[in-house]
Structures are given as structure tokens and as C-alpha cells.
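Right, one structure below, let's go through it.
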Amino acid sequence: MQKRLKAIGKFLSSMRFGILLLVVLALTCVVGSLISQGHPMDWYLQRYPERTAALIYGLRLDDVFHSTWFLVLAVILCGNLLLCNLLHLPGLLQRFRDAADPLKTPKTARITAGVADFPEAVFEKIRMPKPKTIDAEGGKRLFSVKNRIGLWGAWVCHLGILLLIIGFTMGQVTTEEYTVYGVPGQTKPVGDTGYTVTIDDFGVQRSENDTVQQYTTLLTMRDGKTGAQQSASASVNHPAGLYGYRIYQNSVGPAAKVTVTRDGKTAQEEYVCVGDYLYVLNTPLMLYFVQYEDAYYDAGSGKTLPGYAYSTYYMGEQERAGVQVEGDTALTYGSVEISFSDPREYTLLQVKADHFSWLVLLGGVILLIGLALAFFLPMTRVWAVQEADGRWTVSAESRNAGPLFAEQFREAAGIPEAPEETNGKAGEPDA
Amino acid sequence: MGKRVNPMLNVENVLFTITVLLYVAATVFYFLFIVLKQDRLARIASLIQLLGLVVHTAALVCRGIAAGRLPLTNQYEFSTSFAWGLSLVSLIFLRRFKFPVLGAFASPVIILVIGYAALQSREIRELMPSLRSSWLGIHVSTAIIAYGSFGVSFVLGLIFLLREKMQGSAFWNSHVPSREKLDLIGYRSVCLGLLFLSFTMITGAIWAEQAWGSYWSWDPKETWSLVTWLVYAIYLHLRIRRGWKGRAAAIFAVIGFICVIFTYIGVNTFLPGLHSYA
Ligand code: HEM
């Protein structure tokens, strides 16, 4: 029983299982990109045979990247990487220490360049650090090592990936996200956080030929509990950061002033964004702002004017729908008159708190360092042993460098004949 | 209203044409080198390619000046830069490993990519606000080196597979490194590519966070770059674990580059269409 458990544990921490997970992950990504994501069941039923659509829905292939099994896959990959890194740590530490030990050189050297009279020159030519001289049992030795740190490459790289996946997954699960939109002067709550955002100003910077260069919102965020407040500006590519939230300039859209008069007196005046409702005070009436058009052709007057499309709901039932042109009155209900005017753009801000994005970034940076160590700092050792006749046998090993290093080494040693190569494996498989 | 054409753009147009002609000339000389087996032709070919790279660089600089930004944002700019990256990385590998046959196989790929660029619109449009970011510049520059490196590993993979067929050819034996060495050079180019691809994805994520408030949104382009990244990571591990070197690695390098090309062109071209007829 225990043997079997051990075998399972070994498999779960193995690179073989790791490769399998990477393959599954890659295939999942391919599937997730080929099947359009995030539609309702009907959408798939229209496009795929019924069985396929049912399969897509059953396996959550309609939203692969947020499905439970994708999360499980991520967790298993983390477990595998963690185990792999933990199990390899002692061996790695040992190898790291041994690499600096002049006496712990492989018996069958990976590359033996043969004999030389002045071994120091060989070290210099292949840009090794100045060798140490050791009086060992078998005779005098010269030894030098470089890029020992490179041994850590794969380990550091895996650590980075581990942090990255943990940060990403935790972020997915815990991120708070809200949208706030409106025109300058309006104050809106940020979801149920207790914070409010006041839009102090909003501007669109345009270039000479009228293309938009930047959208900028000046805003003030206020903590409803303490009354503390801070101001900042948010524009595209330059989010604001306040009270642990990042505030992004996300998009813009049309808004207009809705004026409600009762008996000729202004009773209510508010800016409403397209797609929003306005409850008309002291009535069972609700106004929905459907769309705004700059140049609406008004058949009545034969003119092209700004047009406001709306619909109304009376006690919850849709009642009327129509278009009001600039300067007109939209609706009259007895003594109540409602009209749209002053079209302008509203700003839409995204307010987000991802408490783990730093971990993702840290993981990414560690991953890069690991890759650079693994690929560009191959651990290299060169040693020379003095033979009884006073000449030296020079040998070397270099991780992952095989015949390329051998050639360079042979050239440096000035020994033309083919080196004796035992052609060791590129890495230590975890069998 | 008639638009004033920036004189720098005219210069760029001329330089771009010269670049294409130089790359074509280099390819012809490389071809002659393979057919006539004269080393002199290889030297001329790689010199022409180097000259092509210099003119190409000048063309990109002119475009940058004309646009007032890094020329790395639309499909034309990215594909001509991609060709530039391929040319640069292949020349570096060619010089470093004294191996002109690499140029002979890389130059047709460069012509394909720059030919694709020539088909794209060269108009300079003002950038959307979200594209005005220095992270974008870093993101795309690193992508060019990554793609260039993967392109070179693809070419090396092809050479490897051909090398197997050409065992008996004295020319191949003397002008193409041993299979063991080819494999290792290919591995080096994949390593370079993977490092830069990782850098590309991380800087891309930083930019996306600032521009859209989300550092990763699983859009097809992101997803396919992850697929590419995973394919190369799998390649590395299979090398270690199963000793998948040589032939298997060469085939992997070819598949990896197909993923790169799909991420680059296929995602835009095929994926939106897939949903409509599936
Ligand atoms: C998720 C993507 C992964 C990446 C980008 C990655 C990256 C790397 C790199 C760069 C190397 C060094 C390769 C070389 O020197 O040629 C390496 C080695 C290795 N990887 Fe991974 N790895 C990943 C996942 C995994 C997983 C899931 C396992 C499972 C256990 C694993 C186990 C190993 C082992 C055992 C080595 C050999 C270590 C050594 O030579 O010291 N890797 N990996």
C-alpha cells in the first residue's frame, strides 16, 4: 500500500506528469480559442449539432478559462511544480556545492582535451576565471568554475511560474470590479464598497485632424465611513490608484440633460447616460434613454438636428417610444413636461482591486530571471591534472553546450584530434 | 481635403523597395551558392543580406520619423519589422556559427514575410489612445526578436531534416554542421525565442492592464501566444526527459513556428470566421 502511495506521489511530482499537464493546458487553450466563448446555450445550438452543443455546455467549453476544471488543472499544475521543485532542491543544493569543489570532478569527463604544457593558457582562452591550484592526492590540479548560478535556472523559472499561476488564480477568484459612469458634477457609489466617486471633470483631447488622442477624467474618491477623500486623474494607459483601487478610463458614451417641468416650473434636472433610466419624481413614470444621434433627420421640420431616442415605462409597463429633436419637448403628461437637451459625453470608469496582480508580476520577473539563468549562464568547469611526466591533462564540462563547447575547448587547448566525448545527458531526468 | 504626404514616407517607400530587391538578390546568390557550390557566392549573398538589413533599418527609422513614434503598431509595420527581426537573428546565427546555408534557407522566409508586409496598407493613421504607450513599444520590439529567433529555429529544423536526406552529399557534409551541432544551434535559437516571448507576454500584460484594466483576458491572440509558449516549453522538457533531440526536436521547431505564424496572422484571419461556419 505504502509502496503504491509512494509510486503515485512520485508520478505526481514527475516531469512526465508535468509535460502531460502542459499538453492538456495547451489543448485546452486551443479548444477555448476555436469555440467562441461566453454565449448562452441557444447560441451554440444554432451553430452546432445538438449533441456537440450539449457537449460544449456540459464540459463548460463555452467558458473554458473560468470553468471549475480549468481551475483544478491550474491547481494540479501548481502542485506538480511545487513538489518537483521541493524534491529537486536537496539534489540541486548538493550539485551547486559540488560544482565548486575541485576534487569532485566527473571520473569520465564530458570533454577531455588531452595534454598541454601550459594549461593556464587554455583557461584564459575560453574565458574561464583564473584557476585555483590544489595539491591533491593524485597530483597537482588546476580548477576553475563559472556560471554556477546557472544551475538554478530551471528551479527559479519553475518558482516564477508557480507564483504567476497562484497570483493569477487568486486574482480571478478575489478581484473586485465595479463600473462608474457619469458626467462632470455627478457623484456615484462604487458598488457596495462604501466609496463614492465624483467626476470632477472630463475631457477629450483631439489632434488637428480631429482624431481622439486621449480621454481624461478628473475624479475624487471618497471613503463614506471616514469621510476621507483623494483626487486623481485617470486617462487611457494611465490609470489612477486610490485607496487600493485602480481606476481605469474605460470608455465614453453620449449623455444628455433631462429636464422635468411641472406647471412650467423646473422640478427635476439631471444628466442621463444612454442606456440609463430616470425615475421621474412623484410619478409612476420611468424614462429610458435609448440612443443619441448627432444628426437625426426630422421629417416634421425637414431639418437635421440632434435626436434623442427614448422610451417610457408607466408603472413598469412600456408605454411610449419616440425620438425628440433638439429644442422640442419629448413628452407631456398633464402638467408634467419632459425634454432632453445639452448632449455631452459621459465617461465610464472601471474601478478594480486585484490584490494579487503584484504576485503575477513578481512571478513573471522571476520566470524571466530563471530563463536567462538557464539559457545564458551554462555552468562550466575546467580542470587540469598534472601527470607523472609533468604535462597536464585538461578536461571540462559545460551544461547543455555539447559539441559547440567541445569545439571551442579543443581549439583553445590547441589539440586538433577529436575529443573523447562521453556525451552526457543535457539534464538530470527525474526518472 | 487632400492630405499632404510626409516626404519621409516617400523616402521610406524607396528604401523599402530597395530592401526587398536586396533580399531577393541575396536569395538568388544563396541559391547560386547551393547550386554551384562556390563559397565566394555565399560571402556575397550574406553581404547583400547585411546591406539589405542596413537599408531595412533605415526604412524603419524613416517611417518612425514620419509617424513620430515607433513604427510597430499596424499590420504593415509589424510584418516589415518581423522580416527585419528574422534577417537580424539569422545573420547573427550565420556569423556566429559560420554557416551560410542558414542564410540560404532563411532568406526565402524573409521574402515571404516582407512580401506579406508589402501587401498591407502603408497609410499612417493616428493611434487610438490605448496604443499610445511605451510598454507597447517594448512589447512589440521583444516580439520581433522572439519571432525572429523562432523563425531561425524553424529554418534550422528544416535544414536538419534535409541534412538527414543529404548524408551522401559532400557539399552538405562540409558546409552544414553535424546533426548534433545543428540540433544544439536550434536549441539555442529556441531558448532565445522563449526568453523573448516570455518578455513579450509579460510586457504585453503590463500594457493591457494599463490600457484596458485587465492584464490577461484570454482573447484569441493572447491564448495563442500562450499555446506557442507552451509548445516550446514542452519541447524543452521532452529534450531533457525523453532525450527528444535531433529529428523530433527539428519537427517540434517546425510545429512551434506554425503556431507562431498562426498567432501572428491566423488568429486575425481565421478565428473570427470559424464561428460563422462552424
Ligand atoms: C509551465 C511551463 C514550464 C516552463 C516554462 C519550464 C521551464 C523550464 C526550463 C527553462 C528548464 C531548463 C531547460 C533547459 O535547461 O534546457 C526546465 C527544466 C526542467 N523542468 Fe520545467 N518548466 C515548466 C514546467 C515544468 C513542470 C510542470 C515540471 C514538472 C515537474 C517541470 C520540470 C522540470 C525539470 C525536472 C527540469 C530539469 C531541471 C534541471 O535540469 O535541473 N517543468 N523547465
Side-chain angles (χ1 to χ4, degrees), chain A residues 15-16 18-19 22-23 25-26 29-30 32-37 47-48 64-66 154 168 171 177 205 207 209 211-215 235-239 246 248-250 350 352 354 357 360-361 364-365 367-368 371-372 374-376 400-404 407 423 425-430, chain B residues 1 3 97 125-133 135-136 177-178 180-181 183-185 187-188 191-192 194-195 198-199 201-202 205-207 209-216 218-220 223-224 226-227 230-231 233-234 236-243 245 267 271-272 274-278:
Chain A
M15 194 206 276
R16 190 198 313 213
I19 294 175
L22 296 186
V23 172
L25 191 61
C29 289
V30 172
S33 75
L34 294 185
I35 299 175
S36 183
Q37 300 283 291
R47 284 166 183 78
Y48 297 92
V64 176
F65 303 115
H66 305 102
F168 181 81
E177 193 175 343
Q205 289 89 52
S207 67
N209 59 8
T211 44
V212 174
Q213 295 208 311
Q214 186 56 284
Y215 301 99
S235 51
V236 180
N237 274 320
H238 304 282
R246 299 267 280 173
Y248 305 90
Q249 175 68 55
N250 189 300
Q350 192 183 345
K352 200 167 172 179
D354 180 346
S357 53
V360 176
L361 186 61
V365 172
L367 162 69
L368 285 179
L371 286 174
F375 297 151
F376 298 103
N400 282 355
L404 290 173
E407 195 180 83
N423 195 19
K425 286 201 188 113
E428 255 52 37
D430 60 342
Chain B
M1 199 174 73
K3 258 197 200 162
F97 299 108
R125 294 221 195 99
E126 290 237 23
L127 294 185
M128 303 190 311
S130 59
L131 294 180
R132 295 165 183 268
S133 158
W135 283 109
L136 177 67
S178 68
E180 207 185 2
K181 242 160 105 183
D183 173 65
L184 204 64
I185 302 173
Y187 165 75
R188 291 269 172 96
C191 291
L192 188 67
L194 192 65
L195 178 68
S198 309
F199 207 74
M201 288 165 73
I202 291 167
I206 295 176
W207 167 53
E209 189 270 343
Q210 296 185 349
W212 294 299
S214 172
Y215 58 81
W216 189 267
W218 297 108
D219 82 35
T223 308
W224 269 90
L226 180 61
V227 171
L230 286 168
V231 166
I234 293 167
L236 284 182
H237 290 82
L238 285 176
R239 275 183 81 89
I240 301 173
R241 164 77 214 175
R242 321 213 108 212
K245 300 188 181 172
V267 167
L271 278 191
L274 253 185
H275 313 309
S276 53
Y277 66 71

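In the text below, chain A, chain B and the rest are named by the order of the sequence lines, each starting its count at 1.
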Exercise. Over all heavy atoms of both residues, which pair between A:Leu22 and B:Ala233 is shortest? Give the atoms and the distance, please.
Key: CD1-CB, 4.4 Å

Self-check item: Contacting region of A:Phe376 [heavy-atom separation from chain B under 4.5 Å]
Solution: side chain

Exercise. Specify which of A:Lys352, A:Gln350, A:Gln213 makes the most heavy-atom pairs with chain B at under 4.5 Å.
Key: A:Gln213

Quiz item: Of the non-hydrogen atoms in B:Ser198 and A:Leu371, which two are nearest, and what is the gap between them?
Solution: OG-CD1, 3.1 Å

Quiz item: How about A:Tyr248 and B:Glu209: do any of their side-chain heavy atoms sit closer than 4.5 Å?
Solution: yes

Quiz item: What do you reckon, is CZ of B:Phe199 surrounded by more than 12 foreign heavy atoms closer than 6.0 Å?
Solution: no

Quiz item: Measuring heavy-atom distances to chain A, does B:Trp207 have an atom under 4.5 Å in its side chain, in its backbone, in both, or in neither?
Solution: both

Practice problem: State the CD1-CG distance between B:Ile202 and A:Leu367, to the nearest 0.5 angstrom. | Solution: 5.0 Å

Quiz prompt | For A:Asp354, salt bridge (Lys or Arg N to Asp or Glu O under 4.0 Å) partners two or more places apart | solution = none

Quiz item: For B:Leu226, is it the side chain, the backbone, both or neither that has a heavy atom under 4.5 Å from a heavy atom of chain A?
Solution: side chain

Self-check item: Flag if over 12 foreign heavy atoms under 6.0 Å of CH2, B:Trp218
Solution: yes

Quiz item: Of all residues at least two apart in sequence or in a different chain, which pass the side chain to side chain contact (heavy atoms under 4.5 Å, CB included) check with A:Val236?
Solution: A:Gln214, A:Tyr215, A:Gln249, B:Pro129, B:Ser130

Practice problem: Could you walk me through whether B:Trp216 and A:Val360 pass the side-chain contact (heavy atoms from CB on, under 4.5 Å) test, one step at a time? | Solution: CA-CA 11 Å; B:Trp216 189 267; A:Val360 176; over 6 Å; no

Self-check item: Value rounded to 0.5 Å, distance of OH in B:Tyr215 from CG in A:Leu361
Solution: 10.0 Å

Quiz prompt | Heavy-atom contact with chain A under 4.5 Å, split by part of B:Ser178 | solution = neither

Exercise. Drop me the distance from B:Arg188's CZ to A:Phe375's CZ, to the nearest 0.5 angstrom.
Key: 11.5 Å

Quiz item: What residue, out of B:Ile234, B:Val227, B:Leu194, B:Leu236, has the most heavy-atom pairs lying under 4.5 Å from chain A?
Solution: B:Ile234

Quiz item: What's the shortest heavy-atom distance between A:Met15 and B:His237, and which atoms?
Solution: SD-O, 3.6 Å

Quiz item: Where does A:Val23 contact chain B at under 4.5 Å (heavy atoms): side chain, backbone, both or neither?
Solution: both

Quiz item: Can you say whether B:Leu192 sits under 4.5 Å from chain A via the side chain, the backbone, both, or neither, judging by heavy atoms?
Solution: both

Quiz prompt | Choice from A:Pro239, A:Ala374, A:Ala154 maximising heavy atom contacts with chain B below 4.5 Å | solution = A:Pro239

